[in-house]
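Okay, so here's the structure we're looking at.
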2 protein chains.
Amino acid sequence: MDINTIAAMAGVSRATVSRFLNDGYVSDEKRRRIAEVIEETGYVPSRQAQTLRTGKTGVVGVIIPKINSASISRMVTGLSDVLEKARYQILLANTANEAMSEVDYLKLFADGGSVDGIILVATVLTPEHLRTLGALSLPHVVLGQRVEGHRCVYHDDFHAVRDITLHALANGSRPAYLGVMEEDVAAGHDRHEGFLSACAERGATPLGEELPRSEFTIEGGYLACERLIDAHPEVDTVVCATDRIAAGAMACLREYGREVPADVQVTGLGDSDIAQVMTPTLTTLHYHFRTSGAEAARMLLDAMGKAEDRAQRVCMSYEIFSRNSTRRKA
Amino acid sequence: MDINTIAAMAGVSRATVSRFLNDGYVSDEKRRRIAEVIEETGYVPSRQAQTLRTGKTGVVGVIIPKINSASISRMVTGLSDVLEKARYQILLANTANEAMSEVDYLKLFADGGSVDGIILVATVLTPEHLRTLGALSLPHVVLGQRVEGHRCVYHDDFHAVRDITLHALANGSRPAYLGVMEEDVAAGHDRHEGFLSACAERGATPLGEELPRSEFTIEGGYLACERLIDAHPEVDTVVCATDRIAAGAMACLREYGREVPADVQVTGLGDSDIAQVMTPTLTTLHYHFRTSGAEAARMLLDAMGKAEDRAQRVCMSYEIFSRNSTRRKA
DNA sequence: TTGTACGCGTTATCAT
DNA sequence: ATGATAACGCGTACAA
């Protein structure tokens with residue numbers, strides 16, 4: 001079923017069929033005939049041929065560091081919402097297994113001519129990343145990290161953790177932070193700095209700063225917390241970089257016989273669905289991931305010339321959800 | 001940078017370059033020259049043109065009902081593992097938002113010529129689904145449901161729930177089941193039947209069979225459990241179709257002052273990571289999702305003629321993880 | 001308004 | 001072993 005067949009059946013040249021499909025500029029008479037033939041044959045133009053001819057694929061590549069993350073899935077949902085509305089397909093590239101790093105995927109997308117635009121859900125941005133991004137001729141948006149010279153949507157990690165730490169320190173005085181590697185500027189460095197800033201403001205000494213960082217997992221949170229209470233049994237407030245780390249921490253505290261929040265307060269970050277089923281329910285902070293995903297998608301549409309101009313850089317806000325893992329009154 | 005340029009630079013015809021890239025059959029002399037030119041130009045063949053010419057895209061479409069599901073993400077990981085090794089890209093289609101149903105995506109993939117094969121992570125299979133699947137000329141595999149006449153990888157949902165129910169009924173006698181819509185044959189109907197079978201074997205009367213089904217969410221589990229203890233306060237064992245439903249159920253029981261497992265036992269299904277951080281930790285059942293994903297991918301490779309022959313249908317096994325949401329001794 | 005003719009970058013067929 | 005040449009399915013000047 002190609003355009004030639006349709007043209008023959010409708011008794012017109014294939015150029016006319018092409019016009020029918022695109023510009024318009026066809027007499028009502030033939031328009032009717034063509035429409036009829038297309039209807040009864042169920043003809044659909046070949047994406048590949050269109051791509052070869054126009055250079056446009058109708059696909060945007062989305063590079064994510066892992067599948068099965070509450071935050072990432074929410075971002076992807078936001079992306080889908082607006083991208084599908086603009087009739088774009090999403091090619092999801094998962095780098096979790098390290099089989100192919102983000103840089104490799106960036107290059108693959110850039111070279112292959114397989115996508116019209118790229119969204120990079122970023123964690124760690126190495127110089128190699130920046131070089132590759134800089135050499136990228138395709139429209140692209142970085143989601144989750146602030147990057148100079150590139151369109152990006154990120155979250156106010158510094159103030160987020162600063163605020164939730166201040167919130168906890170209203171009823172605690174010996175705080176510690178369970179964070180992730182500093183190389184992840186947003187989730188690692190910025191959040192950590194936010195914590196330190198809050199401690200400084202309250203005149204509290206941060207505990208366990210000398211300890212190694214955690215992984216982004218429940219298991220990692222458990223182990224980090226174990227090291228923490230081992231080194232600093234006096235800790236009474238544990239601020240965690242993510243909800244999953246907090247989940248691990250709470251499991252650990254329970255194991256060690258510490259009551260939450262009576263003995264130790266715990267806070268998370270991200271407001272994933274597990275926050276509400278933990279015992280006690282977790283005080284955490286809600287990021288508007290879905291909205292930031294949508295925003296990134298709109299920025300990309302803009303960059304691809306498919307939407308009105310938008311800001312080149314957006315910093316998303318947040319809200320604290322105070323639940324039962326922190327103390328109620330002063 | 002196209003094949004013509006390379007050919008010119010190497011002083012050969014473009015046919016020779018093409019042979020160099022594909023079959024082989026080139027003299028060592030020219031082989032060397034071509035390799036050199038390609039090296040220094042960084043030439044990469046156009047995927048689009050290759051596709052147009054060969055009809056092969058190097059992409060497999062994976063249709064999933066939702067992102068952010070522990071089970072699905074594990075399946076996708078398994079898929080990625082083997083598909084990437086075979087140099088296939090994965091085009092992930094998420095139907096969560098209903099914007100485009102699975103059937104529509106199936107048709108899109110089938111028509112567009114944009115993928116070489118399809119993997120459908122299935123939940124509900126309507127007659128419309130079966131019709132579309134039947135009309136599909138592309139190689140495809142159904143993951144998560146058993147479908148006559150199609151390659152598929154599924155889990156032994158019936159015996160899984162039957163076994164975990166028997167496990168719980170060793171220390172309980174008034175069981176109820178929190179399940180999902182029966183239209184989902186595997187997760188809905190089969191699991192439910194497994195539960196009923198176990199009840200029959202133990203001579204226990206299943207409670208709350210008249211109540212409406214739950215959603216696949218924590219929230220849904222909470223609400224379903226609320227209805228259950230309202231209608232049948234005597235219930236002492238709650239078997240849930242998924243871990244998330246179990247999480248909601250436990251939250252609800254806590255709210256209503258029931259001790260788990262002293263007053264009521266709870267079991268889940270899927271062994272997601274939240275199972276271990278719940279209080280008490282959840283007795284659940286581990287499916288080998290990652291393995292089933294890998295198996296489905298291998299079956300697809302087979303169907304696409306890229307791998308040795310494999311079984312057309314595979315039923316995956318499971319293991320029960322007994323933790324603290326069920327009673328220990330008889 | 002319509003049709004002709006060409007090119008997009010490959011691979012495959014056929015001589016040579 | 002190599003090189004012309006014809007497709008693959010489409011969009012679009014250009015001419016009519």
Side-chain angles (χ1 to χ4, degrees), chain A residues 1-38 41-59 87 108-116 137 305, chain B residues 1-38 41-59 87 89 108-116 137-138 305:
Chain A
M1 255 326 109
D2 66 345
I3 199 173
N4 289 305
T5 318
I6 305 298
M9 292 178 72
V12 300
S13 82
R14 76 162 184 265
T16 306
V17 177
S18 177
R19 272 191 287 269
F20 171 85
L21 263 18
N22 305 310
D23 312 77
Y25 225 56
V26 181
S27 67
D28 288 350
E29 163 64 14
K30 311 208 165 188
R31 177 175 295 279
R32 200 180 45 69
R33 292 222 301 276
I34 296 173
E36 194 171 303
V37 174
I38 289 185
T41 58
Y43 163 74
V44 177
S46 151
R47 249 306 192 11
Q48 306 304 336
Q50 285 178 324
T51 294
L52 180 62
R53 180 64 227 225
T54 62
K56 296 300 171 192
T57 65
V59 177
R87 319 230 90 222
L108 179 67
F109 283 154
D111 295 338
S114 55
V115 300
D116 293 342
S137 58
Chain B
M1 257 325 109
D2 66 347
I3 200 174
N4 287 305
T5 320
I6 305 298
M9 293 178 73
V12 299
S13 81
R14 75 164 181 264
T16 306
V17 178
S18 178
R19 271 191 286 269
F20 171 86
L21 263 18
N22 305 312
D23 312 77
Y25 225 54
V26 180
S27 68
D28 288 349
E29 162 66 15
K30 311 210 167 185
R31 177 176 296 278
R32 201 181 43 69
R33 291 222 304 274
I34 295 174
E36 193 172 303
V37 174
I38 288 185
T41 57
Y43 162 73
V44 177
S46 153
R47 252 286 196 21
Q48 306 304 335
Q50 284 179 323
T51 293
L52 179 61
R53 177 64 221 212
T54 63
K56 296 301 170 193
T57 65
V59 177
R87 321 228 89 221
Q89 283 189 0
L108 179 67
F109 283 155
D111 296 337
S114 55
V115 300
D116 294 341
S137 57
L138 260 60

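Computed from heavy atoms alone, side chains included, the values below leave out hydrogens, waters and symmetry copies. Throughout, a chain's letter reflects where its sequence line sits, starting with A, and its residues are numbered from 1. Not measured: the values here are computed from a predicted model.
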**OP:** Starting from C1' on D/dG11, measure out to CD on A/Q48 and report it in whole angstrom.
**Re:** 16 Å

**OP:** Using a 4.5 Å cut-off on heavy atoms from C-beta on, say whether the side chain of A/I3 contacts that of A/S18.
**Re:** yes

Any protein N or O atoms within reach of nucleotides 6-10 of chain D? Criterion: under 3.5 Å, listing atom names and distances.
unit_1, atom_1, unit_2, atom_2, d
D/dA6, N6, B/R14, NH2, 3.0
D/dA7, N3, B/R53, NH1, 2.3
D/dC10, OP1, A/Y43, OH, 2.5
D/dC10, OP1, A/S46, N, 3.1
D/dC10, OP2, A/I3, N, 2.4
D/dC10, N4, A/R14, NH2, 2.8

Subject >> Working for side-chain contact (heavy atoms from CB on, under 4.5 Å), residues A/R47 and A/T57 >> reply: CA-CA 7 Å; A/R47 249 306 192 11; A/T57 65; over 6 Å; no

**OP:** Calculate the interatomic distance between A/Y25 atom OH and D/dC14 atom C1'; express it in whole Å.
**Re:** 14 Å

Original post:
Which heavy-atom pair separates B/A7 from B/S13 by the least distance, and what is that distance?
Top reply: CB-C, 3.7 Å

Original post:
Do B/F20 and B/I38 pass the side-chain contact (heavy atoms from CB on, under 4.5 Å) test, and can you show the C-alpha distance, the side-chain angles, and the key distance before you say yes or no?
Top reply: CA-CA 11 Å; B/F20 171 86; B/I38 288 185; 3.7 Å; yes

Subject >> Residue mapping more 5' on DNA chain D - nearest nucleotide basis, A/V17 or B/V26 >> reply: B/V26

**OP:** Heavy atoms only: give me the nearest B/L21-B/Y43 pair and the separation to one decimal.
**Re:** CD2-CE2, 3.9 Å

Original post:
Where do B/T51 and B/K56 come nearest, in terms of heavy atoms and distance?
Top reply: OG1-O, 3.1 Å

Original post:
Which angle, rounded to 10°, do you find between the first-five-pair axis and the last-five-pair axis of the helix from C/dT1-D/dA16 to C/dT16-D/dA1?
Top reply: 40°

**OP:** For the pair B/I34 and B/T16, evaluate side-chain contact (heavy atoms from CB on, under 4.5 Å) and give the outcome as yes or no after the intermediate values.
**Re:** CA-CA 9 Å; B/I34 295 174; B/T16 306; 3.9 Å; yes

Original post:
So, do B/I6 and B/M1 sit near enough that their side-chain heavy atoms are less than 4.5 Å apart?
Top reply: yes

Subject >> Donor-acceptor contact present, side-chain B/R14 to main-chain B/N4, <3.5 Å >> reply: no

**OP:** On DNA chain C, reading 5' to 3', which nucleotide is the first and which the last to sit with an atom under 4.0 Å from a heavy atom of chain A, could you check?
**Re:** C/dT1 to C/dG9

**OP:** Identify the heavy atoms of B/D116 and B/G55 that sit nearest to each other, and give their distance.
**Re:** OD1-O, 4.0 Å

